[in-house]
Protein chains: 4
Amino acid sequence: MSVTPARTRRIAFIGLGIMGGPMAGHLVKAGHQVTGFDLFPEPVERLAAQGGRAAASVAEAVADAEVVITMVPADPHVRAVVLGDDGVLAHAAPGTLLIDMSSITPGTSLDVAAAAARVGVRTLDAPVSGGEAGAVEAVLSIMVGGAAADFVEARPLLTALGTTVVHVGPTGAGQTVKAANQLVVAGHLQILAEALVFLRKAGVDLGSALDVLGGGLAGSTVLTRKRAAMVAHDFTPGFRIDLHHKDMGIVTETARALGAPLPVGSLVAQLVQAARANGDGGLDHAALLRGVERLAGQ
Amino acid sequence: MSVTPARTRRIAFIGLGIMGGPMAGHLVKAGHQVTGFDLFPEPVERLAAQGGRAAASVAEAVADAEVVITMVPADPHVRAVVLGDDGVLAHAAPGTLLIDMSSITPGTSLDVAAAAARVGVRTLDAPVSGGEAGAVEAVLSIMVGGAAADFVEARPLLTALGTTVVHVGPTGAGQTVKAANQLVVAGHLQILAEALVFLRKAGVDLGSALDVLGGGLAGSTVLTRKRAAMVAHDFTPGFRIDLHHKDMGIVTETARALGAPLPVGSLVAQLVQAARANGDGGLDHAALLRGVERLAGQ
Amino acid sequence: MSVTPARTRRIAFIGLGIMGGPMAGHLVKAGHQVTGFDLFPEPVERLAAQGGRAAASVAEAVADAEVVITMVPADPHVRAVVLGDDGVLAHAAPGTLLIDMSSITPGTSLDVAAAAARVGVRTLDAPVSGGEAGAVEAVLSIMVGGAAADFVEARPLLTALGTTVVHVGPTGAGQTVKAANQLVVAGHLQILAEALVFLRKAGVDLGSALDVLGGGLAGSTVLTRKRAAMVAHDFTPGFRIDLHHKDMGIVTETARALGAPLPVGSLVAQLVQAARANGDGGLDHAALLRGVERLAGQ
Amino acid sequence: MSVTPARTRRIAFIGLGIMGGPMAGHLVKAGHQVTGFDLFPEPVERLAAQGGRAAASVAEAVADAEVVITMVPADPHVRAVVLGDDGVLAHAAPGTLLIDMSSITPGTSLDVAAAAARVGVRTLDAPVSGGEAGAVEAVLSIMVGGAAADFVEARPLLTALGTTVVHVGPTGAGQTVKAANQLVVAGHLQILAEALVFLRKAGVDLGSALDVLGGGLAGSTVLTRKRAAMVAHDFTPGFRIDLHHKDMGIVTETARALGAPLPVGSLVAQLVQAARANGDGGLDHAALLRGVERLAGQ
């Protein structure tokens, strides 16, 4: 089902992976002209089959675009794709709006914005939370940093991708809020994991106990959404430890640059790393429970 | 407004402080015959003025009781009041049901239960969460450990005191769940405090940022209830740091006895202690934020 | 070889285990009249075979003693042996000097001293470090708390047991210093373990690297004495993790009572506990290395 | 006093600050032909006055050199000075030996070595410990990574600067060992600080207590060298918190890249950062004590 949006835009979408693929598809469905590029040919063909256009290079994708969206794994990929010799900024026309939806350090977003400004390109950092399911179902939360006017322009596109689209401040602020989000989520998972092992060692009825916790000040979305999986030890992702490890790297590096103390957060980052080192990188982040169990000799 | 309950009970209520005072009052209002005792005369007189009876000693309070409820500050008080030479067990008739609603270590609850069993007294450990407001408004959460039959007998009384009354396992389980609850709450407060300082140092708009966090996997009851106070630095209790420090002592001591690992929980306990050492003991536990700010040199 | 000391004393020695057995033997060799008691008959017979006297009860051991030495595993044993109905204080003559060489919490030492004072018995807390080898070779370090005059009286006995005998303050101070010692040792072992895994992961030549560390500000007795064992993964005790776990319990409990912050110390205590939970309790405490390796997935 | 060394070398010395200035001077005294460059003119003139030569640019310094030594503050400075458009590698003749004595991440040392290899320049990473006093008195410890043959060539120069000159492995190994050294030193300072506050809160005689600790397994070079300053609260540097904070950044970043767990090390890094945030950056790193005191509300 394709609809004509209030305003059809010419969009270049770079990075058509697990997240970017379905997101680009939603923009096509929303009636936009979407030209996709990826290092692998298959997702580009898939987009074309959905009604998008296939580009063979960043240059080709960007050539005619009003809006460029990038969705790549990490800082080095953003630097390569945007700042590289044959990257977005080498080819984008002045006035283009670049929306980087990758999850990276706020510092890189600031570098990208500065380089873009030198060639007349406007930027937003707009990382998402919600994972693959959120991308597929277009129910992502999108945290946007950048100029208010640019946010207003981007909003109609972003609302095709997610249900919560919030402008949280100037350039980099989107990444900062994403980082804070991941810090809190990891903290909640870890402390819940410690509480679960504690309760189980005490021989308490877990179901009743978690009902009580959930009903009071100890309640959390992590508890609501993850308790069944944690009690059952079903760690099918969901959001993988490997990705949360990457995000905790952003958190700790950014906090250090800011001078923000993370006495607990930095320890949690160590425990996420340990989970990965113990082979749990491909499991859902609720598998932090396994790390606590290992410390308990279980 | 006094009502006749399904079954009127003769209750001894020992410990009529900030929590126990209003709780005993609710039992009077519910139509029970409540005889109160406290080390201070004023709360005893207050209960009498509400329709209860005044006792001048534990012995006198317990003499005729079917049910004895104790609500005192900490382990040593429970030991003194229940196990002491002139305590509850020295005077309670065989068959009496002792409901200890104090927040103490599960180990002490087990000691109390063992001593009680030797004189034919049944026991429940039934600590509460919800604080002074919860006691006054009779909306406490009550976590009960002990025999199922005793829980069934106690439930009509406990529902006069709280809205969530859950049997969580055998003797000590109530205390264990209370401890786990306090562990999780402290962890949530601390990680939120770290996130707040992080966000503020980055110059992000706090309101939008916390909206995003609250709407996603980072959401928590702590965030919902405490964000306004934390953003405004209004730390009127609520639940005081001093009490949470006491509770973290129960958590760490119990975890050690169980062999349950608390890598993050034990660090959080240190930070609660540091808050207290820095003069914040009388503030709401959301003042853990001030500790993170101190680490940030603010 | 038996020698006549400057002054022969009548000593009751209670607790003839791995540590107490050889210690009592040294006092016999030093020419003292030593009456031993233990819950097991064998060590008592062994002492008698070395020239000591055998007692069948605490009462019998203490009956005629000028000095009573206790060397038992932990706080509850000290409370039982000293404060119990048929314990040391029930039988010791006024004026007796009680030297408790067990490693326990300073709080228990204070309780013992207070109870002793009520029956005219003087006390010293005199825990040791140096382990079984130190006891056998009479090269213990002995940290003594109590009155200066009592220390002067005890010193000739203690110098038969150790090479470092230091008066560190009033009652409980010996235990406090022992606790601080164990805190620092555990901290040194843990940080060295983290450094070793770090160096090995980087592919550095360990021998040269540890030479450099040992030669500079990073040098420590732990590094000197334990590096070979750690590099070779030879964790024959030495001082067992189980005992260090017990000591870290004293450290954390005492620090909490004092309001002394242990942000790192409490985390180290968790890691010692985890080592034990993973079956390393019987290994030398240098096996904290194995815990870091487990976190590294090794 | 100038001596003729076994072999006089033509050395370019870049970075004549607090460390590099006296180091270059020692090489002049050792009889080498030293051409110095710094961004500030004064230290260059000072070197010339001592018998060195003044260069006005990196290019001029490097033009005729057999050996280039760099001693600059941090990674970005090394990247600029060595890899920059007008840097060392742009001007050094093939066959030159580049000895980078800065303290940086092993990763940057590897990048430098790779870039140097492309232009036929050999490299050693040779960070030092011992601080300003060590540089002035030529008693530094020097940890060298790189090819064995290059180490053999460099050793005569390095022994003019330090008393401990050790080859610890391939490229980057010098930096890795330096990082491990700083990790251990910070850990020792922090745990000693916690022990000191613990002992003082208990009212123990600090002098005797530290004697006992120093004489046993808790002994360390940190204790020996820093105890007087810590007891007296004299935090004149010495080695400044600011520098140790920089070094802990290298430690944590490198450990993350290696997958080496630092549960305690990362927490110590947070406490070093907190010391800096609280205005102690210019104090000796023994001032970690002040951070523990702040947590204690002192």
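- Contact count against chain D (heavy-atom pairs under 4.5 Å) is highest for A:Ser266 among A:Ser266, A:Ala255, A:Ala274, A:Ala269.
- A pairwise comparison of heavy atoms in D:His245 and A:Arg256 identifies O-NH2, 2.6 Å as the closest pair.
- In terms of modelled atom types and a separation under 3.5 Å, the side chain of A:Gln273 and the main chain of D:Ala260 share a donor-acceptor contact.
- A donor-acceptor pair is defined here as one N or O able to donate and one able to accept, closer than 3.5 Å; such a pair exists between the side chain of A:Gln270 and the backbone of D:Leu262.
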